[in-house]
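Heavy-atom basis, side chains included; hydrogens, waters and symmetry copies ignored. By convention in this document, chain letters (A, B, ...) are assigned in the order of the sequence lines, proteins followed by strands, and residues within each chain are numbered from 1.
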4 protein chains.
Amino acid sequence: MTDKKERILVATEKLLATHGFHGLSMQMVAKEAQVATGTIYRYFNDKNDLLHQLHEHILGYIAKRISRNINDSMSLKQRYRTMWLNLWHMSVNGEAPLINQGQFQHLPRDNSYEKKALKKQLFSCVNQMFDEGKACLLFKPLKNEILSTLSLETSCYLARQKINGGLEITDSELNAAIEASWDAIIQH
Amino acid sequence: MTDKKERILVATEKLLATHGFHGLSMQMVAKEAQVATGTIYRYFNDKNDLLHQLHEHILGYIAKRISRNINDSMSLKQRYRTMWLNLWHMSVNGEAPLINQGQFQHLPRDNSYEKKALKKQLFSCVNQMFDEGKACLLFKPLKNEILSTLSLETSCYLARQKINGGLEITDSELNAAIEASWDAIIQH
Amino acid sequence: MTDKKERILVATEKLLATHGFHGLSMQMVAKEAQVATGTIYRYFNDKNDLLHQLHEHILGYIAKRISRNINDSMSLKQRYRTMWLNLWHMSVNGEAPLINQGQFQHLPRDNSYEKKALKKQLFSCVNQMFDEGKACLLFKPLKNEILSTLSLETSCYLARQKINGGLEITDSELNAAIEASWDAIIQH
Amino acid sequence: MTDKKERILVATEKLLATHGFHGLSMQMVAKEAQVATGTIYRYFNDKNDLLHQLHEHILGYIAKRISRNINDSMSLKQRYRTMWLNLWHMSVNGEAPLINQGQFQHLPRDNSYEKKALKKQLFSCVNQMFDEGKACLLFKPLKNEILSTLSLETSCYLARQKINGGLEITDSELNAAIEASWDAIIQH
DNA sequence: AATGAATGAGTCTTCATTCAT
DNA sequence: AATGAATGAAGACTCATTCAT
């Protein structure tokens, strides 16, 4: 990817996190990325396109990040803990500030076929874990989306509260939260 | 509350859900509420204030709605199910379209003291349930915020996926999801 | 018509004549009309609409102006001379600077039904003259549009050359031109 | 003339006819001419210069085209008819789409000395015809510009109406129009 | 209390022009 | 000679806010 395009995307992500969707102007992006306003339009059709491409850019990043330090020889529980903490750290460290923030909800043309395909790819290692867990009767027989929401994604929701200043959480509480979310999906 | 003020708030909520935060103009609100533009400024200092008051308005609504059909004679499990389903129906029916959508995240002056107090009030019945559950050793000894995120709030997250078109869910799956989220917080 | 709308139209006509279609900015119009930029958009949908409405405004003016001092008791020749000179003076004095300048050619939505109807009205006295002339066999049996182009409209074309600085013309030459254009349409 | 310069001029003429003066960008011209944007500036100082040179280019074309099939052995009437029809066909066929359209009216630096000289050259055969006609007392003793406007140029004006869709004209009507315009300039 | 016309700063986007390659 | 990425001023249009009525 061109140097400038990359810089524009990075600048947009940063500003989107700070200012939100409204209050994000192309001039601001240009200034932050240290390019001329017009330059943005060489790489993106318009503001919408910029946000869409950013979305895909971020999804790609999350895809890589969520499966860090995961390999098939690990036990299900180990994989679960690792992914949960990957999400947690990514969220808390602001590596993907837009995750779970609904910032992309009002883009027209969203939920397109390509987006869904991308999400498939994103969660491939997640889906594999859930499939295996259900196959050996360790997990409850529910759709992967439901299992994920009940367990893995709680990581992001807790992180959001921490970031917003509404929640402090110790290491042992974090550990207990992981175990509790694990309880939600295993058979008892 | 004045008739006009009420109408303005209702119009704002509707438009906010449809158009998102950006693309919401005072003129649009005035038209939707059948009120002159200037009238809005009788009841609200500025656009920010309108959104803030709307936020509180909505929180108040949710407060009432979440505890519908709840009374102290019900068992903990019954209360949990009822509140979970109250949240679910409210979310799915679009009664509080802004719940969990992050639409209010970028308001300046947010997370103020009054907001937190309001949230306390909002979750008073929720907190009572968690406190009782922990007292009788049925629930895990975790902060109420964590318990809530792991269990009750999954209702909203699932509802959001349903609304976005990314998830279909049957009645039996819904029931299983409630049970699973219950498993997350009880001791095993 | 509102005072401001009138002022905007007048300003636009003036600037259009001076700067042409390109190089006419809404800011210029606003400044010339002594209104705020946004005010223009209370009365006109967009730039196109402004130009369209100006066009009709001008056609209306020409309609009144071309038939000044005309009445049915005058002979055909007298009426012809009067209309020819009305057009001439209007053109030369810059009363309708856009006449015959093709400034409206690139408006989309032009040549609409309403425009044609307006032109009918505009040329009603002209058409009546040509019809009478053909009825008494004084004029050649041609369509009114053709007769008009060959005779009356030469007034504008000559005026345009005078304005552009390409032609000087004396009173007697003017008179001769009227007679010559009369020769074009009468039977010999 | 260089191949590229020619291509740029041709592209500009085409786009000018379609899009009008406004809505013509150098990028569009470059794309249409299959040339890099910067290349245009090898051959033309700026956009104004491009339009000026295009104007001269077109005048040169018209000069050649108007005198096609004309030679001195033809009678005045024959020459008149031929030139009238040359103009007519050129206009109607869109060979010089900018003729009579006022597209060049607002160029600064226009009506320069060179432009006038060019026009002399352009109308040399026309002027010769009018001079001969006046010398033998066939034509009225008026300036050539006036004679031209009253007779020859009606060709363009009628053509414009036909193109705009405001006028349909049969062959016999066309013929009658030529005769009528001839009547305007001859002595009776 | 209510209106809605008016404002003008600010938004997204285009485009004539330059310049390193 | 030719390219086309980059620039940033300027354009059309919007909208939060005010104020005379």
Side-chain angles (χ1 to χ4, degrees), chain A residues 2-5 7-8 22-31 33-51, chain B residues 2-5 7-8 22-31 33-51, chain C residues 2-5 7-8 22-31 33-51, chain D residues 2-5 7-8 22-31 33-51:
Chain A
T2 322
D3 174 43
K4 302 216 170 180
K5 184 169 184 181
R7 261 156 56 202
I8 293 168
H22 64 289
L24 172 75
S25 81
M26 300 304 261
Q27 274 91 347
M28 278 171 60
V29 171
K31 202 173 181 183
Q34 308 224 46
V35 293
T37 333
T39 305
I40 301 178
Y41 291 85
R42 284 210 80 72
Y43 299 104
F44 306 93
N45 295 329
D46 53 18
K47 197 180 179 183
N48 260 336
D49 190 40
L50 170 58
L51 272 341
Chain B
T2 324
D3 174 44
K4 301 213 170 179
K5 183 168 184 181
R7 259 154 57 200
I8 292 168
H22 63 293
L24 172 74
S25 80
M26 299 303 262
Q27 276 89 350
M28 276 171 62
V29 172
K31 201 172 180 183
Q34 306 225 44
V35 151
T37 333
T39 305
I40 300 178
Y41 289 84
R42 286 252 154 240
Y43 299 104
F44 305 93
N45 295 329
D46 53 18
K47 197 180 181 184
N48 261 335
D49 190 40
L50 170 58
L51 272 341
Chain C
T2 322
D3 174 44
K4 303 217 169 178
K5 183 168 185 181
R7 260 155 58 202
I8 292 167
H22 64 290
L24 171 74
S25 79
M26 300 303 263
Q27 276 90 348
M28 279 171 60
V29 172
K31 201 172 179 183
Q34 307 224 46
V35 292
T37 333
T39 304
I40 301 178
Y41 291 86
R42 284 208 80 72
Y43 299 103
F44 306 93
N45 294 330
D46 52 18
K47 198 180 179 182
N48 261 338
D49 189 41
L50 171 58
L51 273 340
Chain D
T2 323
D3 174 44
K4 302 212 170 180
K5 183 168 184 179
R7 260 155 55 200
I8 292 168
H22 62 294
L24 172 73
S25 79
M26 300 302 262
Q27 275 89 348
M28 276 171 62
V29 172
K31 200 173 180 183
Q34 307 225 42
V35 151
T37 332
T39 305
I40 300 178
Y41 289 84
R42 287 253 153 239
Y43 299 104
F44 305 92
N45 295 329
D46 54 17
K47 197 180 179 183
N48 260 336
D49 189 41
L50 170 57
L51 273 340

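Across the protein-nucleic acid pair, C:Asn45 atom CG and F:dA12 atom P stand 16 Å apart, rounded to whole Å. Between the CD1 atom of C:Ile8 and the P atom of F:dC13 there is a distance of 14 Å, rounded to whole Å. For C:Tyr41 and F:dA16, the OH to C1' distance is 18 Å, given to the nearest whole Å. Residue C:Lys31 contributes atom NZ, which lies 11 Å from atom P of F:dG11 at whole-angstrom precision. The interatomic distance linking B:Asp46 (CG) with F:dC15 (C1') rounds to 14 Å, in whole Å. We find that CG of C:Leu51 is positioned 10 Å from P of F:dA12, with the value rounded to whole Å.
Mapping heavy-atom proximity under 4.0 Å, the span of DNA chain E touched by chain D runs 5' to 3' from E:dC15 to E:dT18.
Between C:Gln27 and F:dA12, a side-chain N or O to OP1/OP2 separation shorter than 4.0 Å is present.
For D:Gly38 and B:Met26, each mapped to the nucleotide of DNA chain F holding its nearest heavy atom, the one lying further toward the 5' end belongs to D:Gly38. If D:Met28 and A:Met28 are placed on DNA chain E by their nearest nucleotide, the residue sitting closer to the 5' end is A:Met28. Of the two residues contacting DNA chain E, namely D:Arg42 and C:Gln34, the nearest-nucleotide position lying further toward the 5' end is that of C:Gln34. The residue among D:Ala36 and B:Lys47 whose nearest nucleotide of DNA chain F is located toward the 5' end is D:Ala36.
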Check the pair B:Thr2 / B:Arg42 against side-chain contact (heavy atoms from CB on, under 4.5 Å), numbers first and verdict last.
-> CA-CA 11 Å; B:Thr2 324; B:Arg42 286 252 154 240; over 6 Å; no
For DNA chain F, the dot-bracket notation using Watson-Crick and G-U wobble pairs below 3.5 Å, [ ] for pseudoknot-type crossings and | for other-strand pairs, is .||||||||||||||||||||
